[in-house]
2 protein chains.
Amino acid sequence: MPKNIYFCYMYSFTEENYLKAIYKLQEQSDLAINTNAIAAAIQTKAASVTDMVKKLSEKKLLNYEKYKGVELTHLGKKVAIDTVRKHRLWETFLHNKLNFAWDEVHDIAEQLEHIQSQELIDKLDEFLGFPSHDPHGDPIPGRNGVIQQNNFILLSELEIGESGIISGVVNHSALFLQHLEKNELVLGKKLLVQEISAFDQLVKVQIDDKKQQQLSSEVVRNILVKKLS
Amino acid sequence: MPKNIYFCYMYSFTEENYLKAIYKLQEQSDLAINTNAIAAAIQTKAASVTDMVKKLSEKKLLNYEKYKGVELTHLGKKVAIDTVRKHRLWETFLHNKLNFAWDEVHDIAEQLEHIQSQELIDKLDEFLGFPSHDPHGDPIPGRNGVIQQNNFILLSELEIGESGIISGVVNHSALFLQHLEKNELVLGKKLLVQEISAFDQLVKVQIDDKKQQQLSSEVVRNILVKKLS
DNA sequence: AAATATTTTTAGACTTGCCTAAAAATATAT
DNA sequence: ATATATTTTTAGGCAAGTCTAAAAATATTT
């Protein structure tokens, strides 16, 4: 382990990753987070999770009772959200300033999010113009840890004749993002639902009042839109 | 250790730091680099250096003979220069884009230089406009590892009546850099040597054809200038 | 050339984070 | 309620990188 002051005075790379993973699981499920779920999320083994969870518990970052799963403390949640904030700001930088495609930013941001410097993040935020959302439409938590909830709905929830602006994605995989990119289904595009096949659920949409396209149910269930009244 | 692909497929944080430190010692001295010098440079103990040096030797990054010091191989030098390149590009980003003062960029760049992504560095380089020098006037190695040598001389080498443009510093300490900043002695300023005291070697200079100032010999020995013919 | 001092290496141990395999606890099925 | 299956934890070990203290090699003095 490096003894660089920036890597020592707070939380390690690994600790931040655990906290972030637990935070995301907590968001999804509301139930107590169990060891196996964490192991799956960060691609490690349950035994390793038990070790780390004990350590995080001693540091008051989460509450842990044997065999009963974990729950982040206020502090743990703060650290997790801060890591998410850093991740999303870096993704925005990579996309908006360095012209990385939206499916390429995640892996690099996974590294950058662990750079330790509050001043760096503040200045990056300012440099980017205090963005509210990252390139995938996910909200960027504020300095204070507040996450502005957006009222996006799934494209699959739109009825025929309704329209919305593409504002985010549910599936963040590179494969899905590349697929969207290839079909011009990027953030900001306006979609009008014209037809929903009764037979195979394919959804016919019109993009930006121009070309029409058929979207699979897999696709429409993974696109978030801001509904136009 | 994280298993993130980006941290695994090449050289570790620590390995890169050793290589960079050895490279810099090699630049300064030309003699074989001994264990204690490395230990001092990266603030560790000689015993730790011996361990790491063995490891780097096995990986063909340097040549090592017991009790005889080390010498980087071609590969080791390449990795070191690449790390220097990354460091200086990040310093430039921090200074030019995020408005960090020139004495604040080093520590953050020490972290950023270990982010693993060739594409990131290429795009950062482009975003910055392919800068030739970092905020301290040090040359930024090219993708190919070539370092353009500049012909700067010490301010202390200028004779009375000669002038030069501040182009770099020898001492990189925050204390010195802050001192320069406070006295408007930043990159690009033009200095005309007007007087050199025979008694205490204080150098009287005129800055940008305007205000005059006395500089200590400690200061003039640590400023690099591009001499104006 | 011998004695002393310095430098470098070895030996053994520590920490973080990970692993496998076995044991213990909990959950589910009969 | 007992047996089976699953999940979780323990136990013991590994790798990277660090440390201290002692041993070995090299340098310097006398």
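Protein chains get the first letters and strands the later ones, always in sequence-line order, with residue 1 at the start of each.
Partners of B:N96 according to the side-chain contact (heavy atoms from CB on, under 4.5 Å) rule, which considers only residues two or more places apart in sequence or in another chain, are B:T92.
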Side-chain donor-acceptor distances from residues 58-69 of chain B under 3.5 Å, at least two apart:
{"from": "B:K59", "atom 1": "NZ", "to": "B:E15", "atom 2": "OE2", "distance (Å)": "2.6"}

Side-chain donor-acceptor pairs of residues 148-156 of chain A under 3.5 Å, sequence neighbours excluded:
{"from": "A:N150", "atom 1": "ND2", "to": "A:H133", "atom 2": "NE2", "distance (Å)": "3.2"}

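For the pair A:S12 and C:dT16, the criterion of a side-chain N or O lying under 4.0 Å from OP1 or OP2 is not met.
Under the salt bridge (charged side-chain N to carboxylate O under 4.0 Å, His left out) criterion, the residue pairs touching residues 127-153 of chain B are B:R88-B:D134, B:D122-B:R143, with sequence neighbours excluded. Applying the salt bridge (charged side-chain N to carboxylate O under 4.0 Å, His left out) test to residues at least two apart or on different chains, none of the pairs has a partner in residues 170-183 of chain A.
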Under 3.5 Å between N/O atoms: give me all the protein pairs with nucleotides 6-11 of chain C, atom names plus distance.
{"from": "C:dT8", "atom 1": "OP1", "to": "B:N34", "atom 2": "ND2", "distance (Å)": "3.3"}
{"from": "C:dT8", "atom 1": "OP2", "to": "B:N36", "atom 2": "N", "distance (Å)": "3.1"}
{"from": "C:dT8", "atom 1": "OP2", "to": "B:N36", "atom 2": "ND2", "distance (Å)": "3.4"}
{"from": "C:dT9", "atom 1": "OP1", "to": "B:Y64", "atom 2": "OH", "distance (Å)": "2.5"}
{"from": "C:dT9", "atom 1": "OP1", "to": "B:Y67", "atom 2": "N", "distance (Å)": "2.9"}
{"from": "C:dT9", "atom 1": "OP2", "to": "B:T35", "atom 2": "OG1", "distance (Å)": "2.9"}
{"from": "C:dT9", "atom 1": "OP2", "to": "B:T50", "atom 2": "OG1", "distance (Å)": "3.0"}
{"from": "C:dT9", "atom 1": "O5'", "to": "B:Y64", "atom 2": "OH", "distance (Å)": "3.4"}
{"from": "C:dT10", "atom 1": "OP1", "to": "B:K66", "atom 2": "NZ", "distance (Å)": "2.4"}
{"from": "C:dT10", "atom 1": "OP2", "to": "B:K54", "atom 2": "NZ", "distance (Å)": "2.5"}

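Atom CG in A:N17 sits about 17 Å away from atom P in C:dT16, given to the nearest Å. Rounded to an integer number of Å, the gap from NZ of B:K45 to C1' of C:dA13 is 15 Å.
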